[in-house]
Each structure stands twice: as structure tokens, then as C-alpha cells.
S.K.: 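I'd like to ask you about the structure that follows.
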Amino acid sequence: MFSYLPEDSIEIGIPTPPYNASDAHTVMFADRLGARKIIFAKNTDGIYTRDPKLPRNFLDHLREQFRGRPQFLDFVYAQNIEAQIERIGLNQRQQPTPEHLIETAAIPLFIQSSLYTIQVVNGTKPNTLVDAMNGIKAGSYILK
């Protein structure tokens with residue numbers, strides 16, 4: 001799992017993505033290395049229809065279909081991600097961000113890559129990461 005590319009990544013054959021786009025960096029680098037799968041260790045158990053940590057007072061800002069309880073999704077197709085999950089979430093500073101789950105810039109890069117899946121697991125639970133690395137079902141999947 002990679003989270004950062006050097007500023008001069010063009011020298012290793014990878015176009016330079018935006019500085020703060022670690023998910024995009026990961027997709028680009030993994031594709032360049034010939035990987036077929038990426039495991040993202042996030043702070044939720046996988047993919048939900050909306051950020052399960054979103055405070056109740058923030059729900060009014062969401063599209064109506066996402067105001068109820070967040071539903072866990074075993075998988076979501078990348079091209080349908082905008083329709084199936086609410087992308088508004090909170091960043092580490094508890095500020096609203098339109099980048100919930102995975103950065104917007106990473107999605108088209110994933111679709112265009114040779115990767116076949118992104119697995120999203122809870123990085124605060126080390127066993128789920130170990131399971132994912134061992135090919136055991138853990139978390140959720142973003143598929144093409």
C-alpha cells in the first residue's frame with residue numbers, strides 16, 4: 001500500500017497527481033507496478049451509503065436518499081459510486097469534505113487502470129487488514 005508519490009514522479013513514468021491526493025497516488029502507482037488490487041485502510045469497516053460518523057445535525061445537508069441510517073455495502077461499482085453513496089463526509093479535522101471514502105480524482109484513474117478492485121477495510125482493526133492481505137473477505141470492494 002502506497003500513500004505518497006514524490007513530486008518528481010514523472011521521472012518514474014507516473015504523471016504527477018495533485019499533492020493532497022494520496023488515494024490517486026496509490027491508484028496510479030499500483031497500476032504502474034502492475035498490481036491488480038489495492039487495499040485501502042480507512043477508519044470505517046468498509047463502504048457505507050454515507051459516512052457512518054457524520055453527526056446527526058449534518059444530515060440536513062445530504063441528499064434525501066442518504067438521510068436515513070447508513071447501510072453497509074459489500075461492494076459498489078466505481079461508475080455508480082456517486083449514485084450509491086453520499087460522498088460528503090468529515091475529514092480528520094471534523095470539517096465537511098466531498099471526498100468521503102475515496103478521493104474523487106482516484107475513481108476515474110481506477111476505472112482506466114489495469115486494477116480490478118479496491119478493497120476498503122478498517123485500518124484501526126489490524127486483523128481486517130491481515131485478512132484482506134490473505135485473500136479473506138473483509139470490508140467492502142469497489143469494482144469496475
Side-chain angles (χ1 to χ4, degrees), residues 1-56 58-59 62-63 65-144:
M1 182 168 69
F2 303 93
S3 63
Y4 178 75
L5 286 176
E7 287 183 27
D8 58 352
S9 64
I10 197 75
E11 292 178 13
I12 56 174
I14 301 171
T16 305
Y19 174 74
N20 62 346
S22 62
D23 293 346
H25 294 170
T26 303
V27 170
M28 293 172 75
F29 200 28
D31 184 42
R32 184 68 177 175
L33 290 174
R36 296 289 181 235
K37 173 182 168 182
I38 295 174
I39 301 169
F40 279 124
K42 300 290 185 173
N43 64 356
T44 65
D45 290 332
I47 301 169
Y48 288 83
T49 51
R50 69 170 169 82
D51 185 348
K53 297 178 181 188
L54 211 54
R56 217 141 178 48
F58 199 78
L59 299 182
L62 305 180
R63 293 176 279 172
Q65 71 199 59
F66 299 111
R67 290 183 187 164
R69 291 179 55 99
Q71 302 298 312
F72 183 81
L73 301 173
D74 286 318
F75 70 92
V76 63
Y77 288 102
Q79 61 268 25
N80 299 333
I81 207 162
E82 294 296 329
Q84 289 189 271
I85 69 168
E86 176 59 68
R87 298 296 307 285
I88 296 172
L90 296 178
N91 64 20
Q92 293 175 341
R93 294 185 184 113
Q94 300 302 304
Q95 300 165 324
T97 175
E99 304 287 315
H100 170 62
L101 180 63
I102 184 172
E103 298 156 355
T104 301
I107 296 169
L109 293 171
F110 168 63
I111 291 170
Q112 297 165 9
S113 74
S114 62
L115 295 156
Y116 65 86
T117 189
I118 295 174
Q119 189 171 3
V120 180
V121 299
N122 192 331
T124 66
K125 298 178 180 176
N127 289 343
T128 62
L129 184 56
V130 171
D131 285 348
M133 293 173 69
N134 287 324
I136 298 170
K137 162 78 174 91
S140 303
Y141 300 85
I142 301 173
L143 308 170
K144 286 190 180 179

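Start at 1 with the first residue, then count along the sequence.
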S.K.: Can you tell me how far the CZ atom of F66 sits from the CD atom of Q71, to the nearest 0.5 Å?
M.R.: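 Atom-to-atom, F66:CZ and Q71:CD are 11.0 Å apart.
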S.K.: Please find the pair of heavy atoms, one from P108 and one from A105, that lie closest to each other, and give the distance.
M.R.: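 Looks like CD-O, 3.6 Å.
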S.K.: Do Q112 and D31 pass the side-chain contact (heavy atoms from CB on, under 4.5 Å) test, and can you show the C-alpha distance, the side-chain angles, and the key distance before you say yes or no?
M.R.: CA-CA 9 Å; Q112 297 165 9; D31 184 42; over 6 Å; no
S.K.: Assess whether side-chain contact (heavy atoms from CB on, under 4.5 Å) is satisfied between V121 and D131, documenting all intermediate values.
M.R.: CA-CA 9 Å; V121 299; D131 285 348; over 6 Å; no
S.K.: How many angstroms lie between NZ in K37 and CD in Q119, if you round to the nearest 0.5 Å?
M.R.: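 Interatomic distance, K37 NZ to Q119 CD, rounded to 0.5 Å: 4.0 Å.
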S.K.: Which atoms form the tightest heavy-atom contact between S114 and A35, and what is the distance?
M.R.: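 For S114 and A35, the tightest heavy-atom pair comes out as OG-O, 4.0 Å.
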S.K.: In Å and rounded to the nearest 0.5 Å, what is the OG to CD1 distance from S140 to I118?
M.R.: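 Result: 12.5 Å between the selected atoms.
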S.K.: Mind listing the closest non-hydrogen atom pair of P70 and P52 along with its distance?
M.R.: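 So the minimum-distance heavy-atom pair works out to CG-CA, 3.9 Å.
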S.K.: Might you point out which heavy atoms bring A138 and A132 nearest each other, and give the distance in Å?
M.R.: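 Closest approach of A138 to A132, heavy atoms only: CB-N, 4.2 Å.
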S.K.: Taking side chain as C-beta onward, heavy atoms only, is I88 less than 4.5 Å from F58?
M.R.: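 The answer is yes; the side chains approach within 4.5 Å.
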S.K.: Roughly how far, to the nearest 0.5 Å, is CZ of F110 from CD1 of I142?
M.R.: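 Separation between the atoms: 7.0 Å.
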S.K.: Using 4.0 Å as the upper bound for N to carboxylate O, is an ion pair formed by K42 and D23?
M.R.: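 Judged by the 4.0 Å cut-off on N to carboxylate O distance, D23 and K42 do form a salt bridge.
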S.K.: side-chain contact (heavy atoms from CB on, under 4.5 Å) for I38 and V27? Distances and angles first, verdict last.
M.R.: CA-CA 7 Å; I38 295 174; V27 170; 3.8 Å; yes
S.K.: Give a yes or no on whether the backbone of N122 and the side-chain of D45 come within a donor-acceptor separation of less than 3.5 Å.
M.R.: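 Answer holds: no.
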S.K.: At their closest point, which heavy atom of I111 faces which heavy atom of A78, and how far apart are they?
M.R.: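 Heavy atoms of I111 and A78 come nearest at CG1-CB, 3.7 Å.
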S.K.: Is it true that a side-chain atom of R36 and a backbone atom of T117 form a donor plus acceptor pair closer than 3.5 Å?
M.R.: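 Checking the backbone N and O of T117 against the side chain of R36, no donor-acceptor pair under 3.5 Å is found.
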S.K.: Compute whether any side-chain donor of one residue and acceptor of the other, for T104 and E99, lie under 3.5 angstrom apart.
M.R.: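 Yes, E99 and T104 have a side-chain donor paired with an acceptor closer than 3.5 Å.
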S.K.: Can you name the one residue among R63, R67, R50 that meets salt bridge (charged side-chain N to carboxylate O under 4.0 Å, His left out) with E86?
M.R.: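 Result for salt bridge (charged side-chain N to carboxylate O under 4.0 Å, His left out) with E86: R63.
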S.K.: If you measure from CZ on F40 to OG on S22, what distance do you get to the nearest 0.5 Å?
M.R.: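 Separation between the atoms: 7.5 Å.
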S.K.: If we only count heavy atoms from C-beta on, is the Q65 to T49 side-chain gap below 4.5 Å?
M.R.: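 A side-chain contact under 4.5 Å is absent here.
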S.K.: So, K53 side chain and P55 main chain: donor-acceptor pair closer than 3.5 Å or not?
M.R.: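 Side chain of K53 to backbone of P55, a donor-acceptor pair under 3.5 Å: no, none is there.
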S.K.: Could you check whether atom CZ of F72 has more than 12 heavy atoms from other residues, nucleotides or ligands sitting under 6.0 Å from it?
M.R.: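 Yes.
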S.K.: Once rounded to the nearest 0.5 Å, what's the spacing between atom OH of Y141 and atom CD1 of I47?
M.R.: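 With rounding to 0.5 Å, OH (Y141) is 10.0 Å from CD1 (I47).
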S.K.: Before giving the answer on side-chain contact (heavy atoms from CB on, under 4.5 Å), spell out for R87 and I102 the whole-Å C-alpha distance, their side-chain angles and the decisive distance to 0.1 Å.
M.R.: CA-CA 9 Å; R87 298 296 307 285; I102 184 172; 4.3 Å; yes
